[in-house]
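Shown next, in structure tokens, is the structure this report addresses.
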Amino acid sequence: MTSTLAPQPVERAKPARAGAAARRRTRVLALPEARWAAAATALFLLALPLQLTGAPVWTWGALYALSYVTGGWEPGWEGLKALKDRTLDVDLLMVVAALGAAAIGQVMDGALLIVIFATSGALEALATARTADSVRGLLDLAPATAARLSPDGAEQAVPVEELAVGDTVLVRPGERVGADGRVLDGASEVDQATITGEPLPVAKEPGDEVFAGTLNGTGALRIRVERDASDSVIARIVRMVQEASETKAPTQLFIEKVEQRYSLGMVAATLAVFLVPLAFGAQLTDALLRAMTFMIVASPCAVVLATMPPLLSAIANAGRHGVLVKSAVVMERLGQVDAVALDKTGTLTEGSPRVTDVRPLPGSGLDEGELLALAAGAERPSEHPLARAVVDAARERGLDLPDAQDFTSAPGVGVTAVVGGRTVEVGAPARLAGTALGTVAELEQSGRTAVLVVVDGTPAGLLGIADRLRPDAAVTVASLARLTGTAPVLLTGDNPRAAAHLAAEAGIDDVRAGLLPQDKLAAVKEMESVGRKVLVVGDGVNDAPALAAAHTGLAMGRAGSDLALETADAVIVRDELAAIPATVALSRRARRLVVQNLVIAGVFITGLVVWDLAGDLPLPLGVAGHEGSTVLVGLNGLRLLREGAWQRAAAGGDG
């Protein structure tokens with residue numbers, strides 16, 4: 001049972017009513033598949049204890065019958081429609097096998113089979129619906145209206161759909177940009193992490209490009225619209241995610257790859273076992289009993305369980321260690337990856353700027369603590385991410401922060417305040433000259449943002465601010481390179497200098513920087529065009545198209561965007577990078593257990609079938625052999641639930 005994201009028209013979401021939720025998620029019970037599966041499960045759970053405690057048959061028999069109907073009618077109906085198209089699938093075969101089991105008295109076994117398949121279908125439907133919800137909700141990033149300016153300067157609030165190329169719009173401080181365009185007038189810092197993944201706001205001035213859905217900082221901007229709403233970067237991200245989800249070939253479990261041949265062969269063989277003895281004069285009852293026995297022993301229950309327990313056990317084990325794998329198909333695919341593409345901000349790094357250097361200038365008379373305290377005092381009233389980084393650094397050192405007076409902020413320039421009776425300015429190091437410029441160059445070459453602190457009109461020191469590499473990044477990169485045989489690739493929207501510096505720290509040589517979402521998608525497609533099965537790891541909206549198109553997508557959970565979390569096949573809930581290679585190794589172990597189980601199931605099925613055809617296999621013994629093989633492969637698969645399986649995988653083994 002596989003599905004892809006159903007295509008949805010790219011259109012702007014209607015403004016939410018007052019009090020309504022900004023983003024609507026499909027409720028579980030809103031899906032008919034979930035309602036039918038829940039009903040079948042509830043009926044089964046009511047019937048089972050009645051049967052086991054010896055209650056009259058009519059009490060639990062009726063409940064089992066209702067469980068068959070509620071859980072089996074939909075896959076049965078879909079299977080019949082598939083038959084109309086001359087296709088026979090295992091779902092229909094499972095329903096027939098369940099009915100066959102009931103016909104010879106194995107009512108509970110058949111009901112359990114129905115419940116398993118109904119629940120699987122419900123989970124798949126929910127995953128598909130939630131992904132569609134997230135894609136449609138992405139357009140809520142951009143505002144519903146924009147302030148359009150007429151030639152005479154009059155302002156009018158209009159829906160963003162009505163904006164045309166060439167219109168001029170006003171974006172006030174703290175507002176989101178309503179359309180892709182170019183700055184005509186004004187200066188500000190714009191947080192465009194949703195589009196490019198850059199960790200810090202980008203200074204914008206006349207001539208610079210801005211994107212719909214990005215967040216304006218402290219300055220006002222007049223922007224000329226350069227793209228229609230339907231062609232904005234946000235709208236294109238939606239289309240790319242949809243297209244990638246629709247065209248991404250679903251990897252099937254091993255049993256599904258032979259589904260048609262197995263199903264047709266089993267049906268044909270069952271009919272032959274029934275009809276041939278009749279043709280030679282056998283009694284109808286004897287022929288029917290032999291055929292039913294054959295259907296039971298040849299049914300793929302053990303084969304299905306041969307596949308699922310190892311994968312589900314691996315999913316449960318990974319979940320205990322902070323990795324949410326969304327399906328058994330995903331767990332299988334994780335073990336197939338042979339190339340890895342990593343995002344930078346929020347993935348390899350922590351995603352928030354931190355002060356890395358405090359450097360007083362000669363002659364300032366200040367030490368590091370005094371310089372940082374003055375800068376933090378001036379920055380404390382500001383909401384800029386760099387200001388928060390400076391204040392946090394001072395607090396981590398236990399410094400006393402004096403109150404700021406006469407605070408002013410100039411977009412793109414910095415802040416000014418009176419701190420402890422001294423005038424302190426914190427901002428871009430444009431006024432520096434002489435030897436101090438060498439310090440600025442050193443900081444910037446090492447991937448840091450240089451911030452100048454001026455006290456009473458005299459340059460007093462420099463602060464270096466950067467996004468910090470996660471502690472386990474380098475070890476993870478090395479482990480992934482060892483597992484896949486190729487070094488990971490860094491795909492980032494950040495500037496090349498910062499990307500190269502961080503990649504060197506993490507041990508990555510292949511760096512592709514300055515990428516927009518479509519560029520990341522193109523890079524993944526390029527890798528897959530030469531036969532690579534790519535694992536993409538990211539966290540932002542800008543990573544979503546690549547996550548959807550990749551062989552397997554994995555999102556960072558703590559700071560990940562809703563779209564990335566829904567689009568990805570798996571989520572690292574605790575943001576522990578070391579869990580990535582451990583999960584890949586665990587998946588490979590699960591795939592090997594699947595092969596072992598298929599061999600065990602095949603041996604049992606073959607032996608029982610030969611016995612039934614060549615001899616006289618008693619029905620109870622056939623059921624016992626069939627159920628025994630099912631239990632055996634199930635227990636073998638459950639081995640991956642043990643803590644030792646994860647520890648071996650995390651240590652660099654194969655699980």
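In this text the structure is predicted, and so the values were computed from the model without any measurement.
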(message) Strictly distance-based, threshold 3.5 Å: is any side-chain N or O of T484 a donor or acceptor partner for the main-chain N or O of A339?
(response) no
(request) For K344 and A499, indicate whether the former's side chain and the latter's backbone hold a donor-acceptor pair under 3.5 Å. (result)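 Looks like no, no N/O pair under 3.5 Å.
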Rounded to the nearest 0.5 Å, what's the gap from [atom1] on [X] to [atom2] on [Y]? Could you check?
X	Y	atom1	atom2	value
I580	T347	CD1	OG1	8.0 Å
K204	T214	NZ	OG1	7.5 Å
R182	E226	CZ	CD	4.5 Å
L366	L374	CG	CG	6.0 Å
R388	I465	CZ	CD1	11.5 Å
L334	L554	CG	CG	6.5 Å

Do [X] and [Y] touch side chain to side chain, with heavy atoms closer than 4.5 Å?
X	Y	answer
T492	L515	no
L443	R359	yes
L348	L577	yes
L149	V169	no
E379	V424	no

(request) Return yes when atom CG of D510 has more than 12 non-hydrogen atoms of other residues, nucleotides or ligands closer than 6.0 Å, and no otherwise. (result) yes
(message) Could you check whether atom CG of D400 has more than 12 heavy atoms from other residues, nucleotides or ligands sitting under 6.0 Å from it?
(response)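 No, the 6.0 Å shell around CG holds no more than 12 heavy atoms from other groups.
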Under a 4.0 Å N-O cut-off, is there an ion pair linking [X] with [Y]?
X	Y	value
E505	R470	no
D167	R224	no
R512	D519	no

(message) Using the rule given for side chain to side chain contact (heavy atoms under 4.5 Å, CB included), can you reason through F211 versus L516, listing the C-alpha separation, both sets of side-chain angles and the distance that settles it, and then say yes or no?
(response) CA-CA 11 Å; F211 304 108; L516 289 174; 4.3 Å; yes
Closest heavy-atom pair and its distance - [X], [Y]:
X	Y	answer
L462	L371	N-CD2, 4.2 Å
A487	A481	CA-CB, 4.0 Å
V524	A546	CG2-CB, 3.9 Å
V355	A389	CG2-O, 3.6 Å
L163	D228	O-OD1, 4.2 Å
G493	K520	N-CE, 4.1 Å

(message) Evaluate V489 against V340 for side chain to side chain contact (heavy atoms under 4.5 Å, CB included), listing each step before the verdict.
(response) CA-CA 6 Å; V489 177; V340 180; over 6 Å; no
(request) Would you check if there is a donor-acceptor pair between the side chains of T458 and D456 at a distance under 3.5 Å? (result)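 Not at all, the side chains of D456 and T458 share no donor-acceptor pair under 3.5 Å.
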(message) Less than 3.5 Å apart, any donor N or O on the side chain of N216 or S188 sitting next to an acceptor on the other?
(response) yes
(message) Exactly one of L491, T476, V477 should register a side chain to side chain contact (heavy atoms under 4.5 Å, CB included) with L342. Which one does?
(response)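 The option that passes is V477.
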(message) For a salt bridge (Lys or Arg N to Asp or Glu O under 4.0 Å) check, start with the C-alpha distance between E368 and R397, then their side-chain angles and the critical distance, and finish with the verdict.
(response) CA-CA 11 Å; E368 290 188 6; R397 295 194 183 196; 3.5 Å; yes
(message) For H321, give me all partners under ring-ring contact (aromatic ring centres under 6.0 Å, His included), at least two apart in sequence or on another chain.
(response)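 Expected list: W646.
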(message) Quick one, E205 with D208, criterion side chain to side chain contact (heavy atoms under 4.5 Å, CB included). Give me CA distance, side-chain angles, the key distance, then yes/no.
(response) CA-CA 6 Å; E205 55 187 24; D208 290 337; 3.4 Å; yes
(request) List for me each residue that meets salt bridge (charged side-chain N to carboxylate O under 4.0 Å, His left out) alongside R354, sequence neighbours excluded, and say none if there are none. (result)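 R354 satisfies salt bridge (charged side-chain N to carboxylate O under 4.0 Å, His left out) with E350, E396 once adjacent residues are dropped.
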